[in-house]
There are 2 protein chains.
Amino acid sequence: MKPTYLTRIPAAEAHIRATGERLTQPRVAMLATLMTADHAISHLDAVDALAKHHPMDRVTVYRVLEWLVTMGIAHRIAGDDRVWRFMLTAAKPNGKANAQHLQHAHFTCNDCGQTFCLDEVSPKLPVKVPAGFKTIDVDLKLRGQCAHCA
Amino acid sequence: MKPTYLTRIPAAEAHIRATGERLTQPRVAMLATLMTADHAISHLDAVDALAKHHPMDRVTVYRVLEWLVTMGIAHRIAGDDRVWRFMLTAAKPNGKANAQHLQHAHFTCNDCGQTFCLDEVSPKLPVKVPAGFKTIDVDLKLRGQCAHCA
DNA sequence: TTGCAGATGCAATTGAGTCGCAAATCAATT
DNA sequence: AATTGATTTGCGACTCAATTGCATCTGCAA
Ligand SMILES: [Mn+2]
Ligand SMILES: [Mn+2]
Ligand SMILES: [Zn+2]
Ligand SMILES: [Zn+2]
């Protein structure tokens, strides 16, 4: 069965403590919530999901998610609806959390709107660009139908 | 020398007439403006650019650009700043305008913020996705430094 | 010309995200 | 256990791209 919010609390605390930064309740609750998500969640999704276990101000949600991104614990995905969505940064093959954003693609379902990280997919780098251009970062975004909607 | 707004009017009119839809002044002015752009422009960019030749309401700019997209004449590019930018749909090798969105990548310069279409770059398709997922569309987005800023 | 569906202008509204500041909280120190 | 001070949080106000409703205008066909 799927991991629940409560079972994720200890791991969330440990992960935050490992950063050396302050361990706060909003950070723990937000990270535990992210840990139960199988797809990327928006700020509003997060506010709703947290409402049940640990209600917090929407501005705090913005700030905590931003903090998780700067810590490399989560990453941010731009949506076609001008909304950011957030997902736990992919774990390395060895199972440890990874501070860097591993190169991977994102898939958004046209039907249900859910966005997924495709950790196993990476754009073939380097991509050829016009003379004088210097590529620093590449994002690959797929759209279509997810397994549930197809 | 670069093509100017005025020299683009006839081609813009012809292009719009070819759709069979109504030929309106805002549509002509907007398309002629797009035709002079070497990089993608935002709604605000468009309002500013048009102010000189054919001032129009912001909402009209939104609606005309949306119409150009539905006609396949222009395409829309999501920016990291939550702003849409628009560019003429790439021409086919034979020089004719193309109603479909040819598969191509976009490059945004971290320094000057300009976004360019890289018509010659396309993601290697098909991309492998998890079982049950069906890919319909692929976007490749690059970030880095453009030729002018590098 | 006239008639009218479709396009435009203008004002009001939506909604994601940000800012400033006072109050609360975490963690180090006594 | 209490004190303290730097961080973090809550709350209200704000920004800004984009959308909506509605009255007016305009391109085009009859
Ligand atoms: Mn991801
Ligand atoms: Mn393009
Ligand atoms: Zn789906
Ligand atoms: Zn540049």
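The chains referred to below are lettered A, B, ... by the order of the sequence lines, with proteins before strands, and numbering in each begins at 1.
- Environment of NE2 in His53(B): crowded, with over 12 heavy atoms of neighbouring residues, nucleotides or ligands closer than 6.0 Å.
- Among the protein residues, Val59(B) comes within range of the nucleic acid bases, having at least one heavy atom under 4.0 Å from a base atom.
- Ring pair His75(A)/His104(A): centre-to-centre distance below 6.0 Å.
- To the nearest angstrom, C1' of dA5(C) lies 12 Å from CD of Glu21(B).
- For the pair Leu23(B) and Asp57(A), nearest-nucleotide mapping onto DNA chain D gives the more 5' position to Asp57(A).
- The Arg63(A) side chain lies nearest to dC21(C) when the options are dC21(C), dG9(C), dT25(C).
- Between Gln114(A) and His148(A) the shortest side-chain heavy-atom distance does not fall below 4.5 Å.
- Between Glu21(B) and Trp67(B), some side-chain heavy-atom pair lies under the 4.5 Å cut-off.
- Comparing dG17(C), dG9(C), dA16(C) by their nearest atom to the side chain of Trp84(A) picks out dG17(C).
- Residues Val64(A) and Glu66(B) both approach DNA chain D. Their nearest nucleotides, taken by heavy-atom distance, put Val64(A) toward the 5′ side.
- In this model, no side-chain donor or acceptor of Arg82(A) finds a partner on the base of dG15(C) within 3.5 Å.
- Using a 4.0 Å heavy-atom criterion, one finds that Arg27(B) contacts the sugar-phosphate atoms exclusively.
- From the 5' end on, the contacts that DNA chain D makes with chain B at under 4.0 Å to a non-hydrogen atom open and close at dA17(D) to dC28(D).
- For Thr24(B) and dG6(C), the shortest distance from a side-chain N or O to OP1 or OP2 is not below 4.0 Å.
- Not a single salt bridge (Lys or Arg N to Asp or Glu O under 4.0 Å) links Asp48(B) to another residue, sequence neighbours left out.
- When each of Asp80(B), Thr115(B), Thr108(B) is tested with Arg143(B) by the rule side chain to side chain donor-acceptor pair (under 3.5 Å), just one qualifies, namely Asp80(B).
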